[in-house]
Amino acid sequence: MAETKQSATTPNLGAKGGKRGKTTNRKERRAAASKAKGERVEKKSGGKAHERRFDAPGLTTTPVALIGGALGALALGAGVHGQWIRDEPLRYAPFLVAGGAAALMAALVFGDAAAYPVRVGDAGVAVERRGEISRVLWCDVESIFLQGNDLVVSSKDLVLRIPVKLHQSAVAWIVKEASERRPEQLKLSDEEEKQLPSVPSATYERLPVEGLQLTGRKCAASKKTISLEEDARLCPNCGQVYLYQHVPSQCVTCDSKVGARSLRLG
């Protein structure tokens, strides 16, 4: 009888133990499911990266471009006349044609180069050129300084030049945001900062970040390659790039808090 009672009691203990095991497993499964769901929600609902777009000022032609264009037109006209209209072509006419055409092309390319729109925001500084956007992320900025009449935004792979007089609003915002996001990269003396325009109440468009190609770039935390743009996340301060699964709590570049504050594209 004792053995029967003992054997009957043992399965009951085992059953309780088994029940606790199932409960633990269920909790683990729920926790894992909740974590996975949280990752999916974060991937969909992260804050979006935005920027200000400053329209280009009216097309302007510098004196050098104007004179070069005029001389180029004259040379081209003289070359055409000397090559194809004269009864006896001039030997140097082809050189006039080539030189005149080159001067005209240079005047067209550089004469209104300062008139391109500028973008400033979460993804750094960008310049629109004939449908293409050239961009330097804040995290990639090596220095921002004045050179002649231009504010220069320099990185390892790209240098942007923003004419101060023609893009006063954009220049003011670049300096303002750089002083907050990457102050160590802002190489301006006190005298130079006084010469620059202050942030005006100029009109601009606030748009989602466009033209940012991150495919092929490595996550700054995990060093894994980003294969889909939608998987990328940006530091809200310096724009450093991470995979959404590997967003750190603190940015590896600027030490700002990231985590749930990370920004997504689109």
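Below, all heavy atoms of this structure are taken into account, side chains as well, without hydrogens, waters or symmetry copies.
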Kindly work out whether a path of hydrophobic side-chain contacts (I/L/V/M/F/W/Y, heavy atoms less than 4.5 Å apart) joins V136 to L146.
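Hydrophobic grouping puts V136 with L146.
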
I'd like to know if L207 and V125 are part of one continuous hydrophobic network [Ile/Leu/Val/Met/Phe/Trp/Tyr, side-chain heavy atoms within less than 4.5 Å].
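Unlinked, V125 and L207 end up in two clusters.
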
Does a side-chain N-to-carboxylate-O contact under 4.0 Å join R53 and E210?
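No, R53 and E210 are not salt-bridged.
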
Ionic contact status for R264 with E230, cut-off 4.0 Å:
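No.
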
Using the rule salt bridge (Lys or Arg N to Asp or Glu O under 4.0 Å), only one of R181, R135, R52 pairs with D122; which is it?
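Result for salt bridge (Lys or Arg N to Asp or Glu O under 4.0 Å) with D122: R181.
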
Can you spot which of D140, D231, D157 makes a salt bridge (Lys or Arg N to Asp or Glu O under 4.0 Å) with R217?
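Exactly one pass, corresponding to D140.
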
Quiz question: by atom type and distance under 3.5 Å, do the side chains of S143 and K187 form a donor-acceptor pair?
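Per modelled atom types, S143 and K187 side chains form no pair under 3.5 Å.
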
Under 3.5 Å donor-acceptor, Q168 side chain and P197 backbone:
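No, Q168 side chain to P197 backbone: no donor-acceptor pair under 3.5 Å.
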
For T215, check side-chain hydrogen bond (donor to acceptor under 3.5 Å, both in side chains) against everything at least two apart and list the hits.
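Result, side-chain hydrogen bond (donor to acceptor under 3.5 Å, both in side chains) vs T215: E229.
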
Quick one: list whatever passes side-chain hydrogen bond (donor to acceptor under 3.5 Å, both in side chains) with R182, sequence neighbours left out.
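Partners of R182 by the side-chain hydrogen bond (donor to acceptor under 3.5 Å, both in side chains) criterion, ordered by chain and then number, come out as Q185.
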
Close side-chain approach of V118 to L160, heavy-atom, < 4.5 Å:
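Sidechains of L160 and V118: no contact.
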
For the residue pair Y204 and W173, does the interplanar ring angle fall in the parallel (under 30°), tilted (30 to 60°) or perpendicular (over 60°) class?
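Ring orientation, 0 to 90° scale: perpendicular.
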
Just verifying a value: how many Å separate Q240 CD and W138 CH2, rounded to the nearest 0.5 Å?
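CH2 of W138 is found 14.5 Å from CD of Q240.
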
